[in-house]
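Some notes on the structure that comes next.
Below, chain A is the first sequence line, B the second, and so on; all start at residue 1.
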Number of protein chains: 2
Amino acid sequence: MTSLSTSARAVLAELTRRGRATRPQISQALGLSKPTVSTAMSELEELGLVREDGSVQGHTGRSALLWRIGEGAGHVLGVDVGVTRTRIHAHALSGERLLGVSRDVTSPASRSGTADLTASADAAGALLRETLPRLGDSGPLRQIVIALPTVVTDRDPAAASQSPEVHDMLKALSLPQAPLLLENNVNCAAVAEGNLGVAQGAAQFAYVQAGVRIGAALVLGGRLLRGASGWAGEVAHLPFPWDAGREPVPEGLERFLGAEDLLLRTAAAWPASEGEPPTSAEELFRRAGEGCPPAQRAVTEHATQVGRLVVAVVALLDPGLVVLGGGVGSNPLLVQGVQETLSTLSIPVEIRRSGLGATATVEGAAVLAREQALHRLIHA
Amino acid sequence: MTSLSTSARAVLAELTRRGRATRPQISQALGLSKPTVSTAMSELEELGLVREDGSVQGHTGRSALLWRIGEGAGHVLGVDVGVTRTRIHAHALSGERLLGVSRDVTSPASRSGTADLTASADAAGALLRETLPRLGDSGPLRQIVIALPTVVTDRDPAAASQSPEVHDMLKALSLPQAPLLLENNVNCAAVAEGNLGVAQGAAQFAYVQAGVRIGAALVLGGRLLRGASGWAGEVAHLPFPWDAGREPVPEGLERFLGAEDLLLRTAAAWPASEGEPPTSAEELFRRAGEGCPPAQRAVTEHATQVGRLVVAVVALLDPGLVVLGGGVGSNPLLVQGVQETLSTLSIPVEIRRSGLGATATVEGAAVLAREQALHRLIHA
DNA sequence: CCCACTTCGTTAGGTAAATGACCTAACTAA
DNA sequence: TTAGTTAGGTCATTTACCTAACGAAGTGGG
């Protein structure tokens with residue numbers, strides 16, 4: 001494919017930012033002359049990357065044609081290879097969602113909560129083979145991003161598949177031919193928050209996910225902070241408790257702030273007079289919301305602990321905004337407790353609760369795929 | 001001043017990176033033709049921004065002229081307004097140091113270790129007035145960066161001087177007319193490590209300073225991570241101890257990891273048989289190095305605590321490299337203990353000891369000033 | 001010392017991208 | 001209708017590069 005001219009790249013980038021725009025708007029935004037924008041737009045139209053889409057009326061003067069990313073620009077896939085459920089979203093390069101499907105992972109490992117990448121990939125692969133034919137003509141598939149519940153030390157699958165686990169997973173997925181990137185699932189969820197969720201428009205923010213597992217992600221100027229080898233945000237590996245007296249346990253924070261231990265601790269402190277202790281995080285939060293005292297105590301205590309993690313994140317990074325997500329983290333009862341813990345701190349910070357739910361990860365993967373595809377189109 | 005052409009900007013940037021270079025070298029590095037580089041260089045020479053500086057001989061063929069940033073490009077100032085000592089460094093835009101001076105702050109507050117910005121600024125202002133005349137003709141003063149031992153919520157002094165403390169400090173300094181930026185002192189020291197110290201060439205790294213006070217800074221791709229409002233790295237404000245049982249004290253980490261409390265704890269555990277306990281961090285480390293058991297125990301224990309802070313930084317950010325600095329942090333005995341604490345972690349990370357000493361802060365301020373001045377020259 | 005060879009730096013001529021100036025088309029308001 | 005305004009196209013011109021060619025200034029071999 002022949003390369004785009006400089007002005008065509010600029011026009012494509014601006015059109016991407018705006019979704020739909022007229023040539024005069026783009027001309028003004030980029031400081032390019034009208035002829036230049038027109039030539040560039042023709043070049044893009046010839047390649048099928050953009051097309052006319054209505055016009056702006058009601059203003060004085062001649063009405064301007066509206067332009068948008070066209071079907072020929074193609075589409076991308078976001079794939080969430082989750083422990084208990086896998087999800088696939090397809091997005092056009094224009095940003096609109098073409099389809100979103102999901103399927104349970106049924107394997108002994110997934111029921112016990114242990115990660116079994118190959119079992120998840122089998123389910124995702126089957127789902128993919130049923131789903132792709134439904135896409136019809138959406139242009140070329142330009143990028144796939146796979147969200148994984150593991151540390152992603154190398155986003156490039158060519159390098160990462162030297163690890164046998166990743167190699168087997170990719171084989172089970174049997175993906176169509178297209179550029180491919182791997183990404184951590186918490187990172188994906190954070191990207192979704194920044195693009196579609198409560199962190200829209202934030203220059204930077206931290207995302208703390210508390211559920212069965214615990215993790216964090218950092219977004220700076222729209223870009224993920226990945227660290228030197230992909231371990232950024234892997235707070236699960238923090239030793240805990242961090243105390244002058246007791247010896248900290250490696251990976252202790254994961255155990256302490258994960259949903260499993262929360263339920264165990266709650267059960268241990270449960271008075272016989274209140275009947276059976278809750279068996280899931282959802283139940284615990286429901287009963288706390290209904291006013292059950294031991295459930296409330298457990299939730300408050302847990303919120304304090306999560307709050308201390310958030311305090312550490314805030315003191316180190318000053319993100320200005322922290323989004324709480326995940327099955328436990330996105331609960332309204334938790335946010336209040338975290339906010340109280342933070343009130344001792346002199347650093348200004350806002351706490352928001354994620355509203356995206358369980359699809360956050362796959363949505364983020366699709367957003368990343370679209371960004372990557374556009375980046376390649378525009379900058380190469 | 002009339003604006004530079006695009007190619008002149010590129011040539012100036014490349015010359016800045018290389019220090020001295022010939023036109024053919026620049027031509028090859030930038031992919032520009034020889035005539036283009038020549039015209040761009042003439043443009044820069046006419047403005048006094050560059051000048052010839054010898055030639056390359058010994059190779060076959062005609063010898064090429066060497067070029068460098070010229071005196072007309074001007075100079076910059078880095079000012080460290082420290083608690084006990086203030087420092088001023090002047091650098092030419094070419095990078096060479098023009099002078100470096102320092103002076104003790106003599107005020108009741110500085111002796112007790114309390115920060116008194118105005119007293120420090122008085123000393124720095126007097127030093128500045130004696131120093132500037134010695135500069136001779138070094139071209140225009142293009143940028144001043146002031147390093148402060150406080151949180152810098154606004155680097156722009158016009159906005160920051162709304163705070164009466166900063167306003168008084170700037171008045172006491174009575175600076176010459178030039179663009180001015182404020183920066184946190186730990187951030188400055190980190191920049192120095194990245195440009196002149198042990199973190200040279202690192203794509204990203206964390207800097208942890210342990211001395212009288214405790215602080216951290218993060219450098220990503222040569223840029224400081226400042227946070228939403230300048231509080232990034234202010235770990236001193238972390239509540240401590242972070243323990244399920246005990247109630248954490250706000251600002252507790254500062255107290256716990258600072259030099260003062262280290263000496264108090266050491267004295268409390270000091271056996272009478274060993275004579276008087278050490279009265280300074282230097283003495284403590286010296287006696288530990290000489291094999292004195294209680295001093296060794298205190299240092300080991302302290303290294304473990306600093307190590308836990310480093311563990312938190314590494315788990316959250318995966319910097320790949322952590323530089324330990326400050327009066328306590330740069331001690332060889334400490335590094336070993338920190339490394340042992342880190343060995344429980346599965347994240348790959350290297351620990352290095354700062355070798356820059358007490359001038360790191362002012363050097364970093366000067367580097368930042370030069371970067372800022374070049375940035376303005378090249379991109380505006 | 002002379003001469004072949006290489007590289008530097010300048011001059012001349014050519015080209016692609018973007019511009020400004022100008023014109024026509026199309027729409028609104030009165 | 002008509003006046004005023006904005007969109008969109010055409011074209012000569014400018015800008016910012018490039019390649020080609022050549023003299024200048026070095027090196028090394030005979």
>> If you apply the rule side chain to side chain donor-acceptor pair (under 3.5 Å), what do you find for Arg142(A) with Gln372(A), and how did you get there?
In response: CA-CA 9 Å; Arg142(A) 294 212 187 259; Gln372(A) 182 69 23; over 6 Å; no
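One can find a donor-acceptor pair under 3.5 Å joining the base of dC8(C) and the side-chain atoms of Arg62(B).
Distance Gln57(B) CD to dC8(C) P: 13 Å, rounded to the nearest Å. One can place NZ of Lys34(B) at 12 Å from C1' of dA24(D), the figure rounded to the nearest angstrom. Rounded to an integer number of Å, the gap from CG of Leu66(A) to C1' of dT6(D) is 15 Å. Across the protein-nucleic acid pair, Gln28(A) atom CD and dT19(C) atom P stand 14 Å apart, rounded to whole Å. Separating the CD1 atom of Ile26(A) from the P atom of dA7(D) is a distance of 12 Å, rounded to the nearest angstrom. For the pair Gln25(B) CD and dG9(C) C1', the computed distance is 15 Å after rounding to whole Å. One can place CG of Leu32(B) at 10 Å from C1' of dA16(D), the figure rounded to the nearest angstrom. At whole-Å resolution of the value, CG in Leu4(A) and P in dA17(C) are 12 Å apart.
With dG8(D), dC11(D), dA12(C) as the candidates, the nucleotide lying closest to the side chain of Leu65(A) is dG8(D). The side chain of Pro24(B) has dG9(C) as its nearest neighbour among dC17(D), dG9(C), dA7(D). Listed candidates were dG9(D), dT19(D), dT10(D). Nearest to the side chain of Ser38(A) is dG9(D). Nearest nucleotide to the side chain of Thr6(B), out of dT19(D), dC17(D), dG8(D): dC17(D). Which of dG9(C), dG20(C), dT19(D) sits closest to the side chain of Ser33(A) comes down to dG20(C).
Taking 4.0 angstrom as the limit, Arg23(A) places a side-chain polar atom (N or O) nearer than this to OP1 or OP2 of dG8(D). For Ser7(B), a side-chain nitrogen or oxygen approaches OP1 or OP2 of dC17(D) to under 4.0 Å. OP1 and OP2 of dA7(D) both lie 4.0 Å or more from every side-chain N or O belonging to Ser63(A). Within the structure, every side-chain polar atom (N or O) of Thr36(A) is placed at least 4.0 Å from both OP1 and OP2 of dA18(C).
Between Gly61(A) and Thr39(A), the one whose closest nucleotide on DNA chain C sits nearer the 5' end is Thr39(A). Ranked by how close their nearest DNA chain C nucleotide is to the 5' end, Thr60(A) and Ser42(B) are led by Ser42(B).
Side-chain atoms of Ser33(A) and Thr36(A) form a donor-acceptor pair, as typed in the model, at a separation below 3.5 Å.
Ala366(B) approaches Val76(B) most closely through the heavy-atom pair O-CG2, 3.9 Å. Scanning all heavy atoms of the two residues, the minimum distance from Arg155(A) to Glu183(A) falls at NE-OE1, 3.6 Å.
Looking at Ser27(A), its side chain never comes within 3.5 Å of a backbone N or O of Arg23(A) through a donor-acceptor pair.
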